[in-house]
K.L.:
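I am attaching a structure below and will ask some questions about it afterwards.
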Protein chains: 2
Amino acid sequence: MSLDHAILGFLNYQPFSGYDLKKIFDTTVRHFWPADQSQIYRTLGRLAGQGCIRMEKIEQTSRPDRKVYHITEAGRRELVGWMTTAPPNDPARSAALVQVFFAGQLTDKQILAKFEEFAFMMRGILKLYDDLPEKLDEYAQVVGSPRETFFWRSTLDLGKRTMRANLEWAEHIIAQIKKGQVPRK
Amino acid sequence: MSLDHAILGFLNYQPFSGYDLKKIFDTTVRHFWPADQSQIYRTLGRLAGQGCIRMEKIEQTSRPDRKVYHITEAGRRELVGWMTTAPPNDPARSAALVQVFFAGQLTDKQILAKFEEFAFMMRGILKLYDDLPEKLDEYAQVVGSPRETFFWRSTLDLGKRTMRANLEWAEHIIAQIKKGQVPRK
DNA sequence: CCTTAATATAAGACTTGACATATATATTAC
DNA sequence: GTAATATATATGTCAAGTCTTATATTAAGG
């Protein structure tokens, strides 16, 4: 139910519509909690039903009406309660690691190609992370105090550290393959 | 559909029953692809229907009958085809990072408690990883050649590197909190 | 002029995975 | 003696997430 709490977290900054939230998710937390548009709307409906948020209809003439959601006291309590509780440990499924686990069934050439592809993608993600702070700043000005953006940047920092470690791992294995250190049988 | 291919991966070593596979999953790939018992059985049924595996019924007197599954040529083609294709990038959801992202809404004391809990858990996982090679060896003797177990250990190596990077990150933030380097507002 | 993108919300259908429960017998532990 | 554990497979149900499509208007680009 992290989506619920991520939404509450943003609404605790200020009121937003589902449309706003989708854009915010896509530029901030999508790297560790992507959210589908339809799921955001459905969750907003559910949270409203639970009394965690309150809907305010804003009528517009030239555009579709907006439904702006405000967090309630009950919602704030729910948010803080969840935040101060240990998070469920997310299983972290990795199809890539499944492929690595069984990689011995492929030829050396195929394995090398696979790991070089991994390394290529990891470098791409690291580059992408370098450009993120600017995108975060967009919302930092609207929503975030220095205290809040400190932790926004911390999540990015973890992403970089993790990705660097992954890249080192991939490069280490590539080196082993090239040196012929992978057992043949 | 990684579960399908992980099952095919194991059946390509040798035939197994659903019961066998559940135990194997729990001691090998569960750290990056946990599998529910009921899902394994249902997937075996589906793979058999698709012709990727073939069922052999082994009758037992004092115990329930076993259904042992053999990989077919079609299954082998499916496996290699998937292995040599780029894996779908798994979203890697992290409720913990959602909590970090919004941590600025908590007090310094609450934040410190949270990160120390993270660090504690990460150290626990690292210790757990140290004991894993012995458990892997159980199956390594039955199933794995040196070539195969080389990649088994590689997945563990990535887990360790990633977890070490995570721990360093948590410790870095704990130090920042203690030094009062988290903005107050 | 036509098409695409942006603004805005929502429902339908589907897949994956999680959790509980059912069934049946033999062995092990207390 | 009784309860728990191991062996072995299977169904029911639910939650979470993904993908597609529907609706309606305006502005911008080619």
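Each chain gets a letter, A, B and so on, in the order its sequence line appears, and its residues count up from 1.
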K.L.:
With sequence neighbours left out, write down each residue that passes side-chain hydrogen bond (donor to acceptor under 3.5 Å, both in side chains) with Lys22(A), or none if nothing qualifies.
P.N.:
Asp26(A)
K.L.:
Who passes side-chain hydrogen bond (donor to acceptor under 3.5 Å, both in side chains) against Asp90(A), sequence neighbours left out?
P.N.:
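Once residues adjacent in sequence are excluded, Asp90(A) has no partner under the side-chain hydrogen bond (donor to acceptor under 3.5 Å, both in side chains) criterion.
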K.L.:
Using whole Å, report how far CD1 of Ile40(B) lies from C1' of dT11(D).
P.N.:
16 Å
K.L.:
Tabulate below the donor-acceptor pairs under 3.5 Å that side-chain atoms of residues 123-138 of chain A make, not counting sequence neighbours, or state none.
P.N.:
residue: Arg123(A); atom: NH2; partner: Glu171(A); partner atom: OE2; Å: 2.9

K.L.:
What integer distance in Å separates Leu47(B):CG from dT9(D):C1'?
P.N.:
16 Å
K.L.:
Measuring from the side chain of Tyr41(A) (C-beta onward, heavy atoms only), which nucleotide among dA10(C), dT7(C), dT7(D) has the closest atom?
P.N.:
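In terms of side-chain proximity for Tyr41(A), the closest of dA10(C), dT7(C), dT7(D) is dA10(C).
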K.L.:
Glu59(A): which residues meet the side-chain contact (heavy atoms from CB on, under 4.5 Å) condition with it, sequence neighbours left out?
P.N.:
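In terms of side-chain contact (heavy atoms from CB on, under 4.5 Å), with neighbours along the sequence ignored, Glu59(A) is linked to Asp65(A).
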K.L.:
Mind calculating the distance between CD1 (Ile7(A)) and P (dA16(D)) to the nearest angstrom?
P.N.:
12 Å
K.L.:
Val68(B) or Arg63(A): which one's nearest nucleotide on DNA chain D is closer to the 5' end?
P.N.:
Val68(B)
K.L.:
Kindly state each residue pair satisfying ring pair (Phe, Tyr, Trp, His ring centres under 6.0 Å) with at least one member in residues 45-101 of chain B, sequence neighbours excluded.
P.N.:
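Every pair satisfying ring pair (Phe, Tyr, Trp, His ring centres under 6.0 Å) with a residue in residues 45-101 of chain B: Phe10(A)-Phe101(B), Trp152(A)-Phe101(B), His5(B)-Trp82(B).
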K.L.:
In whole angstrom, what separates Glu59(A)'s CD from dA8(C)'s P?
P.N.:
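Result: 14 Å.
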K.L.:
Whole angstrom is fine here: how far is it from NZ in Lys57(A) over to C1' in dA10(C)?
P.N.:
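Checked: the NZ to C1' distance equals 12 Å.
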K.L.:
Taking Ile7(B) as the starting point, is it possible to reach Tyr139(B) by hopping between hydrophobic residues whose side chains are less than 4.5 Å apart?
P.N.:
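The answer is yes; both residues are in one hydrophobic cluster.
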K.L.:
How long is the line joining NZ of Lys67(A) and C1' of dA10(C), in whole Å?
P.N.:
8 Å
K.L.:
Using a 4.0 Å heavy-atom cut-off to protein, can you give one letter per nucleotide of nucleotides 11-19 of chain C, 5' to 3': B if the base is in contact, S if only the sugar-phosphate is, - if neither?
P.N.:
BBB--SSBB
K.L.:
Which residues within residues 20-28 of chain B lie with some heavy atom under 4.0 Å of an atom in DNA chain C?
P.N.:
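Contacting residues: none.
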K.L.:
Got a sec, which residues hit ring-ring contact (aromatic ring centres under 6.0 Å, His included) with Phe115(B), two or more places apart in sequence or on another chain?
P.N.:
Phe118(B), Trp169(B)
K.L.:
Please collect all ring pair (Phe, Tyr, Trp, His ring centres under 6.0 Å) contacts where either partner lies in residues 43-66 of chain A, sequence neighbours excluded, each pair once.
P.N.:
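Checked against ring pair (Phe, Tyr, Trp, His ring centres under 6.0 Å) - neighbours excluded - no pair reaches residues 43-66 of chain A.
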K.L.:
Reckon Arg66(B) has a side-chain N or O less than 4.0 Å from the OP1 or OP2 of dA8(D)?
P.N.:
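Yes, within the criterion.
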K.L.:
Would you mind reading off the distance between Ile58(A) atom CD1 and dT7(C) atom P, rounded to a whole angstrom?
P.N.:
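Going from Ile58(A) (CD1) to dT7(C) (P), I get 16 Å.
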K.L.:
Let me test you: for the helix from dC1(C)-dG30(D) to dC30(C)-dG1(D), what is the angle between the axes at its two ends (five pairs each), rounded to 10 degrees?
P.N.:
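Helix axis angle between the two ends: 30°.
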K.L.:
When you get a sec, tell me which of dT7(C), dT9(D), dA10(C) is the closest nucleotide to the side chain of Tyr19(B)?
P.N.:
dT9(D)
K.L.:
Could you please spell out the steps behind the side chain to side chain donor-acceptor pair (under 3.5 Å) verdict for Ser154(B) and Asp157(B)?
P.N.:
CA-CA 5 Å; Ser154(B) 292; Asp157(B) 184 36; over 6 Å; no
K.L.:
Using atom CG of Asp65(B) as one end and atom P of dT25(C) as the other, report the distance to the nearest whole Å.
P.N.:
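Asp65(B) atom CG is separated from dT25(C) atom P by 12 Å.
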K.L.:
Output all residues satisfying side-chain hydrogen bond (donor to acceptor under 3.5 Å, both in side chains) with Thr149(B), sequence neighbours left out; order by chain, then residue number.
P.N.:
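Thr149(B) satisfies side-chain hydrogen bond (donor to acceptor under 3.5 Å, both in side chains) with no residue once adjacent residues are dropped.
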K.L.:
Please table the atom pairs, donor to acceptor, closer than 3.5 Å between any side-chain atom in residues 172-185 of chain A and protein atoms at least two apart or in another chain.
P.N.:
none

K.L.:
Would a distance-only check, ignoring hydrogens and angles, find a side-chain to backbone donor-acceptor pair under 3.5 Å from Arg93(B) to Pro34(A)?
P.N.:
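Indeed, once roles are kept as given, a pair shorter than 3.5 Å links the two residues.
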